[in-house]
**Student:** 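Once you've had a glance at the structure underneath, I'll fire off some questions.
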Amino acid sequence: MNEPFHSVPADKNLRDSEEQAQLVAASLSSEEMRRHLHELQVRQIELEMQNAGLAELEKRNNEFKSSRDRYAQLYEQAPVSYFSLARDGVITRVNVAASGLLQRDKDQLLGRRFEQFIAPQALASFRRFLDAICSSGTRQVLEARLFDDVLGGGIVRIEANFDVDSASVRMLVTDLGDESARESALGRAFVILDTIREGVLVTDSDNRIISVNRAFTAITGYQAEEAIGRDPSFLGGGTHAPPFYATMWRSLHQNGSWYGELVNRRKNGERFVESLSITPMRNQDGAISHFVGVFSDITERKLAEADLRELHRELDQRVIDRTAELLRANQHLQMEVQQRERAQEALRDAERFFHATIDSLTDRVLVLDQAGTLVHANQACLAFVGHTPRPLQYLEFCETDPRWKRSAGRELAAGIRSVIAGTADTFALEYEFATRSGPRWSQARVSRFLGEGPLRVVVAHTDITERKLMDGALRQSHAQLRQLALHMETAKEDERKRISRDIHDELGQNLLALRIDISMLSARTESSHPRLHRKVGAVLSNVDTTIKSVRGIMNELRPMALDLGLQAAIEWQVGDFRKRSGVACRLLIRDEALFSAIGSQVEIVLFRIVQEALSNVMRHAQASQVEIELSSDACAVYAAISDNGIGITPQQQRKKQCFGLIGIAERVTTLGGHFEVGVPASGAGCRLFLQIPLPGAGRPGA
């Protein structure tokens with residue numbers, strides 16, 4: 001009785017089914033095995049649902065037993081006297097308070113008629129009272145006197161109703177003895193009410209609360225002083241419609257009690273579900289004097305029941321869905337087997353096609369596993385290395401074979417390991433390898449094989465020997481072109497120097513002699529031939545203009561200030577720029593000793609770069625200020641030319657017409673230097689920066 005549900009037989013049946021399945025598995029075909037597996041899965045789902053239902057029923061049974069035990073404890077320990085009588089008035093059950101009231105042990109009371117304790121003058125009333133209860137089933141109240149040996153013949157109040165299920169009369173007997181006894185009993189009753197977990201509220205005949213216990217405050221949150229004097233409907237807060245309460249009051253008056261569930265609100269506004277029992281209390285004339293309500297918070301139980309219903313619904317749906325899935329799976333299983341066989345055949349064809357494809361490539365292709373062991377190599381790779389296929393640890397080959405030049409094999413092995421470990425997606429390396437026909441250059445590209453299955457790494461080697469030879473020839477050609485450009489610049493400067501000297505020596509002297517003769521002629525004709533004197537003056541002015549033009553041409557070809565040194569030439573160039581453009585130009589020399597370390601070739605280059613830069617500023621920059629800064633260290637000479645003009649964009653730098661910048665860059669590159677175009681620290685304008693290594697010094701760091 002205590003254990004009505006047992007899951008052992010179901011588990012045993014499941015084990016027997018599994019053993020039988022193992023015994024017949026060897027003799028079943030694949031189709032029968034799949035059908036048998038489906039049946040086992042369905043049975044397993046059914047057993048799981050049965051176990052879940054059994055567990056829930058067992059939980060409910062335990063809750064019922066706990067509720068029954070709590071009710072029995074409340075019945076036995078109640079401060080009022082409870083009696084249960086058969087139809088003939090025989091006592092069938094009493095509690096502790098009832099035994100104390102009649103001053104008899106339970107064994108002495110059970111089986112005896114209750115009327116044996118009623119005084120003779122009250123027997124007739126009691127018998128009519130008992131008949132009325134059994135015939136009508138409605139609640140009845142009676143005050144009767146007991147025998148003198150019971151409570152000294154005191155008067156008791158009997159409230160009784162008829163229990164249809166047990167066909168017995170349930171009576172509540174209250175001693176109406178002296179005032180002190182009543183107060184003592186009442187005090188005990190209030191102590192009990194304050195200690196029980198159910199909330200209790202008592203209202204008067206007008207349904208106004210006159211008393212509540214502590215559990216009422218714990219459940220609702222309202223203190224006693226907040227509830228007394230108010231109608232209990234304030235707890236509802238409009239959660240039930242008026243017809244609900246009308247039905248409740250109609251049941252109270254017709255049946256003598258009401259039991260049901262309500263949704264009320266706590267003081268903090270939170271809703272809760274309560275199980276409520278209302279019983280009216282009547283006075284001696286039968287009129288209702290009080291209503292007693294006993295309730296308990298069943299919110300958690302209601303939530304659990306809702307969850308249980310949802311769980312049952314989900315379980316039913318899961319069984320339906322699972323069964324449908326299994327049916328579909330059985331329908332598609334054979335198709336999937338056929339598709340798998342076709343896929344395997346296609347995979348074998350793809351592998352053959354893959355091997356044939358990579359064998360036809362001129363590049364050397366290898367496939368490695370996660371350990372770096374060779375899985376496949378095409379024919380070009382085997383022909384290059386010069387051995388037949390065999391299991392090979394490729395990483396060990398890269399690290400130990402002496403044909404790798406300049407430790408390229410160890411570098412390639414490290415790159416392959418990084419790709420295998422996932423720290424790099426790809427790796428590329430150009431290396432030199434010794435072959436029978438001589439050293440060959442190759443480029444290795446390492447990448448992961450992106451597909452299902454175990455990790456594979458593909459290493460592709462491309463022969464770049466011809467490209468390397470072309471690159472070397474191209475570099476040599478570039479070097480020769482730079483040497484030619486340097487020679488042409490040198491020859492151009494020498495020619496300019498020669499032409500400038502010839503102009504100075506020949507044309508300059510002739511012009512100077514001519515000017516002297518014309519000046520003498522002008523002096524002689526000043527007083528004697530006025531008209532001739534004016535003609536001579538015009539000729540003299542033309543000669544002076546010609547001399548200035550010749551001097552400008554000489555300075556353009558080669559400034560005479562260069563013969564005084566680079567510093568003097570640049571200072572002359574800055575002064576000439578200020579005079580011609582009107583732009584403020586500042587020359588900043590960090591260390592004048594740098595000019596002593598510069599050779600004549602570098603002097604010419606620096607002067608021409610400053611000359612070209614100032615010419616660009618005057619023509620394009622629209623600047624109001626220019627700064628030239630020269631400095632040096634043990635390795636190189638540095639020059640920075642900055643302006644605050646409109647600047648130059650990268651797109652403008654890449655234009656084919658930027659011959660000035662192209663010429664500056666080519667001059668610097670020819671001397672092994674570095675040139676860049678940027679923006680000054682102020683953020684506006686243009687800044688040209690260059691560094692030229694000094695003779696005998698290493699290349700300076702950028």
**Student:** Tell me whether Q370 at atom CD has more than 12 heavy atoms from other residues, nucleotides or ligands lying less than 6.0 Å away.
**Tutor:**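 It does not: Q370 CD has 12 such atoms or fewer within range.
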
**Student:** Less than 4.5 Å apart, any side-chain heavy atom of F272 and any of K302?
**Tutor:** no

**Student:** Taking atom CZ of R301 as the centre, does the number of heavy atoms from other residues, nucleotides or ligands within less than 6.0 Å exceed 12?
**Tutor:** yes

**Student:** Kindly determine whether R342 and E345 satisfy salt bridge (Lys or Arg N to Asp or Glu O under 4.0 Å), including the steps that lead there.
**Tutor:** CA-CA 5 Å; R342 290 195 296 269; E345 181 63 28; over 6 Å; no

**Student:** Could you walk me through whether T373 and Q393 pass side-chain contact (heavy atoms from CB on, under 4.5 Å), step by step?
**Tutor:** CA-CA 4 Å; T373 303; Q393 223 292 339; 4.1 Å; yes

**Student:** Report yes if some heavy atom in the side chain of I641 is under 4.5 Å from a heavy atom in the side chain of R687; otherwise report no.
**Tutor:**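 No, too far: nothing below the 4.5 Å cut-off.
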
**Student:** Going by the side-chain hydrogen bond (donor to acceptor under 3.5 Å, both in side chains) test, name the single residue among K405, H461, R440 that passes it with Y431.
**Tutor:** H461

**Student:** Decide, yes or no, whether a salt bridge links E432 with K468 under the criterion of side-chain N to carboxylate O below 4.0 Å.
**Tutor:** no

**Student:** With side chains defined as the heavy atoms from C-beta onward, is the minimum distance between L235 and Y222 less than 4.5 Å?
**Tutor:**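 Result yes, sub-4.5 Å side-chain heavy-atom pair found.
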
**Student:** Between R448 and I420, is there a donor-acceptor pair closer than 3.5 Å when you use the side chain of the first and the backbone of the second?
**Tutor:**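 Yes, because the side chain of R448 sits within donor-acceptor range (under 3.5 Å) of the backbone of I420.
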
**Student:** Any heavy-atom pair between the side chains of N264 and T220 that's under 4.5 Å?
**Tutor:** no

**Student:** Backbone N or O of G199 within a donor-acceptor pair of the D297 side chain at under 3.5 Å?
**Tutor:** no

**Student:** Parallel under 30°, tilted from 30 to 60°, perpendicular over 60°: which one fits the rings of Y638 and F689?
**Tutor:** parallel

**Student:** Within this structure, what is the CE-CD distance for the pair M470 and E466, rounded to the nearest 0.5 Å?
**Tutor:** 8.5 Å

**Student:** For the atom pair OG1 (T400) and CZ (R410), what is the distance rounded to the nearest 0.5 Å?
**Tutor:** 10.0 Å

**Student:** Is a donor on one side and an acceptor on the other found under 3.5 Å between the side chain of D471 and the backbone of L474?
**Tutor:** no

**Student:** Taking side chain as C-beta onward, heavy atoms only, is R266 less than 4.5 Å from I219?
**Tutor:**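 Yes; the side chains approach each other to less than 4.5 Å.
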
**Student:** Work out which heavy atom in D369 is nearest to a heavy atom in V375; give both atom names and the distance.
**Tutor:**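 Looking at all heavy atoms of both residues, the shortest contact is N-CG2, 3.6 Å.
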
**Student:** Applying side-chain contact (heavy atoms from CB on, under 4.5 Å) to L412 and W404, what does each step give before you reach the verdict?
**Tutor:** CA-CA 10 Å; L412 177 60; W404 300 91; 3.8 Å; yes

**Student:** Can a donor-acceptor pair be found, under 3.5 Å and without considering hydrogens, that links the side chain of T423 to the backbone of S418?
**Tutor:**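 Confirmed, T423 side chain pairs with S418 backbone.
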
**Student:** Regarding R364 and S442, do their side chains bring together a donor and an acceptor under 3.5 Å, going by distance alone?
**Tutor:**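 Side-chain D/A pair, R364 to S442: present.
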
**Student:** For Y245 and L262: C-alpha separation, side-chain torsions, deciding distance, then whether side-chain contact (heavy atoms from CB on, under 4.5 Å) applies.
**Tutor:** CA-CA 10 Å; Y245 296 104; L262 298 105; 4.2 Å; yes

**Student:** Which pair of non-hydrogen atoms, one from T426 and one from S447, has the smallest distance, and what is that distance?
**Tutor:** CG2-CB, 4.2 Å

**Student:** Counting only heavy atoms not in R467 (residues, nucleotides, ligands), do more than 12 fall under 6.0 Å from its CZ?
**Tutor:** yes

**Student:** Hey, what do you get for CZ (R328) to CG (D321), rounding to the nearest 0.5 Å?
**Tutor:**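 Those atoms lie 8.0 Å apart.
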
**Student:** For T462 and R445, run side-chain contact (heavy atoms from CB on, under 4.5 Å): C-alpha distance rounded to whole Å, both residues' side-chain angles, the deciding distance at 0.1 Å, then the answer.
**Tutor:** CA-CA 8 Å; T462 304; R445 294 184 300 276; 3.3 Å; yes

**Student:** State whether the side chain of S277 and the backbone N or O of Y259 hold a donor-acceptor pair below 3.5 Å, judged by distance alone.
**Tutor:**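 No.
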
**Student:** State, with a plain yes or no, whether a side-chain heavy atom of I609 is found less than 4.5 Å away from one of V668.
**Tutor:** yes

**Student:** Is S251 reaching over with its side chain to a backbone N or O of T247, donor-acceptor style, under 3.5 angstrom?
**Tutor:** no

**Student:** Indicate yes or no: at least one non-hydrogen side-chain atom of V457 is less than 4.5 angstrom from one of V367.
**Tutor:**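 Of all side-chain heavy-atom pairs linking V367 with V457, none is under 4.5 Å.
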
**Student:** Nearest 0.5 angstrom please: M248 CE to S233 OG, how far?
**Tutor:**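 M248 CE to S233 OG: 9.0 Å, rounded to 0.5 Å.
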
**Student:** List the steps, then state whether salt bridge (Lys or Arg N to Asp or Glu O under 4.0 Å) holds for R406 with E430.
**Tutor:** CA-CA 11 Å; R406 291 177 290 277; E430 292 184 358; over 6 Å; no

